[in-house]
Number of protein chains: 2
Amino acid sequence: MMAPMARAATTSDVFNAIAEPQRREILLLLRAGERPVTELAQELGMTQPGASKHLRVLREVGLVRDRKAGKQRLYGLDARGLRPVHEWTGGFERFWNESFDRLDAYVQDIKQARQEGRN
Amino acid sequence: MMAPMARAATTSDVFNAIAEPQRREILLLLRAGERPVTELAQELGMTQPGASKHLRVLREVGLVRDRKAGKQRLYGLDARGLRPVHEWTGGFERFWNESFDRLDAYVQDIKQARQEGRN
DNA sequence: CCATCATATGCCGATATCGGCATGCGTCAA
DNA sequence: TTGACGCATGCCGATATCGGCATATGATGG
């Protein structure tokens with residue numbers, strides 16, 4: 001009687017919000033300062049509704065804020081939500097900094113074994 | 001005549017791969033060392049097929065590697081793919097470290113305005 | 001060879017996602 | 001007031017996603 005769940009809502013999680021390439025590009029652009037929707041859409045080659053929808057997601061996870069400026073609505077970056085992601089990935093830093101000579105060799109072995117196995 | 005696209009394939013992008021909470025938990029667990037599938041499933045409270053599927057995604061984006069160990073198959077962490085994510089978010093570091101006094105005040109204003117507007 | 005354990009895969013249902021399009025809504029200027 | 005502009009929203013279609021379940025595949029040991 002329980003309905004199966006699908007994917008976690010993109011709107012509830014920063015990790016999901018930045019999983020979208022276009023949303024990442026929006027964030028990159030906003031580092032240069034506030035922008036109205038239309039300008040973002042134009043610079044990123046997407047439609048205005050498309051931009052608005054992505055901005056809505058980013059707003060709901062708190063990565064952007066919006067401000068009315070006359071007829072326009074300016075979107076600005078609020079990068080604080082990216083900090084947890086940075087820290088989470090940072091928790092793996094020692095695993096890519098440590099001596100991976102053995103790992104590298106291992107990976108090579110795997111690739112070779114696969115090639116041999118498939119031919 | 002072109003079929004519309006939906007979401008980018010989760011299998012092609014590390015950002016998408018780590019958008020899934022359970023997959024993130026798998027990666028965290030694997031920091032402690034290699035593990036067979038069943039053990040992972042058990043420790044994370046998911047079914048074996050569920051674990052296998054998530055591991056498949058992680059493998060396809062290169063975040064884990066697998067190694068046959070007799071009857072079992074051991075999965076191990078390969079965190080190098082997380083480095084780009086760490087660096088990407090790091091590109092926003094100055095935006096959460098810089099003086100955000102004005103931003104904080106601004107955000108407070110927004111919240112207050114919303115509350116007043118809605119009550 | 002056969003049974004068994006470990007894992008992968010296939011199918012299903014429910015839902016989320018994304019792009020495109022049309023349209024609603026609010027704001028400004030004449 | 002009436003357009004015109006800027007933006008948000010709603011609907012649609014195609015597809016991806018995730019969990020659950022059954023089952024296939026694979027290796028091991030007797």
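Basis for what follows: all heavy atoms, side chains included, without hydrogens, waters or symmetry-related copies.
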Exercise. Kindly say if Arg73(A) contacts the phosphate of dG26(C), meaning a side-chain N or O under 4.0 Å from OP1 or OP2.
Key: no
Quiz item: Out of Leu63(A), Val61(A), Asp13(A), Val57(A), which residue meets the side-chain contact (heavy atoms from CB on, under 4.5 Å) rule with Ile18(A)?
Solution: Leu63(A)
Quiz item: Base, sugar-phosphate, or nothing: which does Ser52(A) touch, judged by heavy atoms less than 4.0 Å apart?
Solution: base
Practice problem: State, to 0.1 Å, how close Leu30(A) and Gly76(A) come at their nearest heavy-atom pair, and which atoms those are. | Solution: CD1-C, 4.2 Å
Quiz prompt | Nearest-Å distance for atom pair CD/C1', residues Gln48(B) and dG26(D) | solution = 13 Å
Self-check item: side-chain contact (heavy atoms from CB on, under 4.5 Å) partner of Arg35(A), the single match among Gln72(A), Glu43(A), Gln42(A)
Solution: Glu43(A)
Quiz item: Do the side-chain N or O atoms of Tyr75(A) get closer than 4.0 angstrom to the phosphate oxygens (OP1, OP2) of dA8(D)?
Solution: yes
Quiz item: Can you check the Glu39(B) CD to dC5(C) C1' distance for me, whole Å?
Solution: 15 Å
Quiz item: Quick one: is Arg56(A) getting a side-chain N or O under 4.0 Å of the dC7(D) phosphate, OP1 or OP2?
Solution: no
Self-check item: Interatomic distance where CE belongs to Met46(A) and C1' belongs to dG6(D) [whole Å]
Solution: 16 Å
Quiz prompt | SB check Arg73(A) Asp66(A) (cutoff 4.0 Å) | solution = yes
Exercise. Could you state the atom-to-atom distance from NZ of Lys68(B) to C1' of dA27(D) in whole Å?
Key: 8 Å
Quiz item: Does His54(B) make a side-chain N or O approach to OP1 or OP2 of dG19(D) shorter than 4.0 Å?
Solution: yes
Quiz item: At their closest point, which heavy atom of His86(A) faces which heavy atom of Glu93(B), and how far apart are they?
Solution: NE2-OE1, 4.2 Å
Quiz item: Over how many whole Å does the gap from Glu20(B) atom CD to dG19(D) atom C1' extend?
Solution: 10 Å
Quiz item: Side-chain N or O of Lys71(B) less than 4.0 angstrom from OP1 or OP2 on dT7(C)?
Solution: no
Exercise. Look at Thr38(B) and dT7(C) and indicate whether a side-chain polar atom (N or O) is within less than 4.0 Å of OP1 or OP2.
Key: yes
Quiz prompt | Gap between atoms CG and P, on Leu55(B) and dC18(D) respectively (whole Å) | solution = 13 Å
Quiz item: With a 3.5 Å cut-off and just heavy-atom distances, do the side chain of Lys53(A) and the base of dG10(D) make a donor-acceptor pair?
Solution: yes
Practice problem: Rounded off to whole Å, could you give me the CD-to-P distance for the Glu25(A) and dC18(C) pair? | Solution: 14 Å
Self-check item: For atom CD of Gln72(B) and atom P of dT7(C), their distance in whole Å
Solution: 5 Å
Quiz prompt | Closest nucleotide among dT9(D), dC7(D), dT27(C) to the Pro36(A) side chain | solution = dC7(D)
